[in-house]
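The structure under discussion appears below in the form of C-alpha cells.
Atoms within each ligand, like the ligands themselves, are counted from 1 in listed order. What's counted below: heavy atoms across the whole structure, side chains too, no hydrogens, waters or symmetry copies. Predicted model, so just to flag it, every value in this text is computed and none were measured.
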Amino acid sequence: MQTHKQLTIGLFGFGVVGEGLYKVLQQTPSLNATIKKVCIKNAKKTRNAPAALFTTDKNKLLLDPEINVIVEVIDDADAAFSIVTTAMQNEKSVVSASKKMIAEHFAELLIMQRATRQSFLYEAAAGASIPIIRNLEEYYDNDLLHSMRAIVNGSTNFILTKMFSENLDYGQALLLARQLGYAESDPTLDVEGFDAANKWTFLLTHGYGIITKTSGLVFTGIQNISIRDAAIAKEKGYEIKLVAQAKKLSDGKVAAFVLPQFVQHDDHLSFVKNEYNGVVIESGFSDKQFFYGKGAGSFPTASAILSDLSALRYDYKYEYKKLYHHTPHELSDDFYVRVYVSFDDFKHVPLEHFKYISELHKGSERKFAVGILSFKELKENNWWKEHHVSLIVLPDGILEESDINILEPTVLAEIQTMEL
Ligand SMILES: NC(=O)c1ccc[n+]([C@@H]2O[C@H](COP(=O)([O-])OP(=O)(O)OC[C@H]3O[C@@H](n4cnc5c(N)ncnc54)[C@H](OP(=O)(O)O)[C@@H]3O)[C@@H](O)[C@H]2O)c1
C-alpha cells in the first residue's frame, strides 16, 4: 500500500535556493520526490545540472499533468504571483519562498487556496531554516500566544553584529555584508526594514489571525543607526537588533511593529548574531521558547522547502486556524512605546510630542532623548525616520495607559521651558 504520494516537481528558479534544492533532493531519495523540469529566465547560463532539465517556457511545467507540485523560487515577485496562482488553478500544490510576493498578495492567495483547495506552503519565506510557520499554525493556541519577538532579516543582523563586534560604522558593515554575499547589490529592501515587515505580515496571520499589508505596519530598518548609537547602547549594557514584535494587550488586541531595539545581554535575541535569525515566543504555561537558525543561504532555505515537500506527501495544508476557526485578533494603535531617539538637530524632533522624557542629552554633535511616545505618533508621522533621526525601542518597550499612569514624574516640564 502506498501511503505517501509521489511528488513530481516543476521547479521555477535555479539560483541560490533552486540549485540548493536540486542538490538537497539528490541526497534525500527517501522523499520520493523528483524534479521533472526547471524553468529559468536566461537560457544561456551554464548550469550544474543536465541541460535537458531546463526550459524557459513556463507552460512546460504549468501545463504538464504529470507535474503535481510547483516549487517557486524566483526573484521576480510579479512573475512569481502569476506562476503560483496559475499552478493552483491547474490543480498543482505549490511551495514558495517569495516573501515579497506572499506579503503583497496575501489576501488573494488566501482566496485562491480556498477556491482551488490546493496546498500552498511557504515555510522558507520567513526565517528560512527555522520551522516557525507550521509551529505557529499547529502548536500555539490562539488564547495563549502572549507575544512573538523575532529577528527575521539576516543582512541587517549581520551589519548590526559587525557594528558592535568590530566597531565598523554602518557603511563599512554594509560593504562587508555585500562582499560576503549577505546583502544584495540594492540592499534597500533589507536595510530599510521592508523584508522583515513583509515576513511579519504573514507571521501575524499564522500567530494571531491578523491580516495586514506591509504598508499597514509601523516599521523601519537600520539605515539611520550610527556608530554613536552603538556606543550608547554599549554604555547602557545593550545590543541593537532589528526586531519584529507582536504583543497581546490587556484588551485582547495586538501591538505590532518592526523597529530597531535595544536588547539586553540576557535576552535570547542577543544570542542571534551575524546572518542568523531567531524567534522568541511567549505563551501561557510554556513561558518563553526560542527558535534559532540560519535565516538565509542555499541549503538552509532548501531545507525548509524540503520540509514543505515532505508535508505535501500527506496533503498538508495550512488551516489558518487563528483566522478561520477562532475570532481573529485585531491590531491596536492604542499603546505607548518607550524609545531612545538620537538626532543632529532639535528642529527634527518634536520633543513636545513625547508623553514623557526621562533623559535628554544636548551634545554638540549627536543629541538624544529617552522617553515615551504614543504609538499613534509613530503611525501618523514620519519625523522619526527622516533627517537621520534614529529611533530605537527600549527593552520591554510596549506600555499601556495603566503602565504610564504609575510612572515617576519626568523632566518633561523642564524641557518645555528649556531653550534648545
Ligand atoms: N537566497 C536566500 O537565502 C533566500 C532565503 C529565503 C527566501 N529566498 C527567496 O527565494 C527566492 C529566490 O531567491 P534566490 O536567492 O535563489 O534568487 P537568485 O539566486 O537571484 O535566483 C533567481 C532565479 O530565478 C530565476 N528567474 C527569475 N525570473 C524568472 C522567471 N520569470 N521565470 C523563471 N525563472 C526566473 C532566475 O533565472 P536565471 O538563472 O536564468 O537568471 C534565477 O535562476 C526569492 O523570492 C527570495 O526572496 C531566498
Side-chain angles (χ1 to χ4, degrees), residues 9-24 35 37-49 51 53-62 67 70-87 94-105 109 120-133 150-158 177-178 180-190 194-203 214 274-277 293-308:
I9 299 168
L11 173 62
F12 279 86
F14 204 74
V16 174
V17 182
E19 189 172 346
L21 179 68
Y22 174 76
K23 288 181 184 155
V24 163
I35 297 178
K37 211 78 194 161
V38 182
C39 181
I40 35 74
K41 197 158 114 182
N42 182 349
K44 293 198 177 122
K45 272 191 199 167
T46 318
R47 313 279 173 180
N48 295 319
L53 208 53
F54 293 94
T55 178
T56 52
D57 179 0
K58 62 181 179 188
N59 288 330
K60 290 232 165 85
L61 285 65
L62 293 171
I67 289 178
I70 292 293
V71 175
E72 177 283 302
V73 282
I74 70 170
D75 58 349
D76 172 339
D78 295 334
F81 181 63
S82 158
I83 289 162
V84 160
T85 48
T86 309
V94 177
V95 177
S96 169
S98 300
K99 55 261 179 152
K100 184 167 181 281
M101 181 274 291
I102 295 167
E104 278 172 4
H105 297 284
L109 290 165
F120 174 56
L121 306 181
Y122 42 85
E123 189 64 71
S129 71
I130 303 177
I132 189 63
I133 295 179
I151 293 171
V152 283
N153 183 271
S155 308
T156 47
N157 202 50
F158 178 86
R178 275 199 190 137
L180 294 175
Y182 295 130
E184 313 269 332
S185 49
D186 174 8
T188 314
L189 280 183
D190 290 323
F194 290 95
D195 179 75
N198 280 341
K199 292 166 180 165
W200 207 230
T201 62
F202 50 90
L203 289 177
T214 306
N274 294 315
E275 77 278 23
Y276 278 81
N277 282 190
K294 285 202 167 158
S298 186
F299 289 156
T301 312
S303 79
I305 295 175
L306 196 70
S307 161
D308 282 348

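Cation-pi geometry between R47 and F14 is not met: the NZ or CZ atom fails to fall both under 6.0 Å from the ring centre and inside 45° of the normal.
Here A124 has backbone heavy atoms under 4.0 Å from ligand 1, and that is the only part of it that gets that close. The part of K45 lying near ligand 1 is the side chain, judged by heavy-atom distances below 4.0 Å.
A distance-only check finds no donor-acceptor pair linking the side chain of E275 to the backbone of K294 [under 3.5 Å]. With S303 contributing its side chain and S129 its backbone, the two residues share no donor-acceptor pair below 3.5 Å. With hydrogens and angles ignored, the 3.5 Å screen pairs a side-chain donor or acceptor of K199 with a backbone N or O of V152. Side chain of N153 to main chain of A196: no donor-acceptor pair is present (N/O by atom type, distance under 3.5 Å, no hydrogens or angles).
In this structure, a donor-acceptor pair under 3.5 Å is absent between the side chains of D57 and T55. Under 3.5 Å, the side chains of E19 and S298 contain no donor-acceptor pair of N or O atoms. Between the side chains of T214 and N198, at least one donor N or O lies within less than 3.5 Å of an accepting N or O.
Below 4.0 Å from some heavy atom of G13 lie the following atoms of ligand 1, by number and element: 23 (C), 24 (O), 25 (C), 43 (O). If you number the atoms of ligand 1 from 1 as listed, the ones under 4.0 Å from a heavy atom of A296 come out as 3 (O). Annotation for ligand 1: atoms under 4.0 Å from non-hydrogen atoms of G297 are 2 (C), 3 (O). In summary, the atoms of ligand 1 found under 4.0 Å from a heavy atom of A79, numbered by their order in the structure, are 31 (N).
In the candidate list L21, L11, I74, I74 is nearest to atom 34 (N) of ligand 1, counting heavy atoms. Ranked by closest heavy atom to atom 20 (O) of ligand 1, the top entry among L61, I305, T56, D75 is D75. Comparing F54, F299, F14, Y122 by heavy-atom distance to atom 43 (O) of ligand 1, the nearest is F14. Residue V16 holds the heavy atom nearest to atom 19 (O) of ligand 1 of all those in V73, I40, V16, D78.
If you check which protein heavy atom lies closest to atom 5 (C) of ligand 1, you get T301 OG1, 3.3 Å. Closest to atom 47 (O) of ligand 1 among all protein heavy atoms lies K99 CE, 3.2 Å. Scanning the protein for heavy atoms near atom 28 (N) of ligand 1, the closest one is K41 CD, 3.4 Å. Ranking the protein heavy atoms by distance from atom 21 (O) of ligand 1 puts G15 CA, 3.3 Å first. The nearest protein atom to atom 40 (O) of ligand 1, hydrogens excluded, is given as N42 N, 2.6 Å; this is a heavy-atom distance. Looking at atom 10 (O) of ligand 1, its nearest protein heavy atom turns out to be A97 CB, 3.6 Å.
Within the 4.5 Å cutoff, side-chain heavy atoms of V84 are placed close to those of M101. Contact annotation: the side chain of F12 approaches that of L62 to within less than 4.5 Å [non-hydrogen atoms, C-beta and beyond]. Put simply, the side chain of C39 does not reach to within 4.5 Å of the side chain of K60, judged on heavy atoms.
Between R47 and ligand 1, at least one pair of N/O atoms sits closer than 3.5 Å. Distances between N or O atoms of D76 and those of ligand 1 include no value under 3.5 Å. Between V17 and ligand 1, a contact under 3.5 Å exists for at least one N or O pair.
Heavy-atom distances between C39 and ligand 1 reach below 4.0 Å in at least one pair.
The aromatic rings of F158 and Y182 are tilted relative to each other, their planes meeting at an angle between 30° and 60°.
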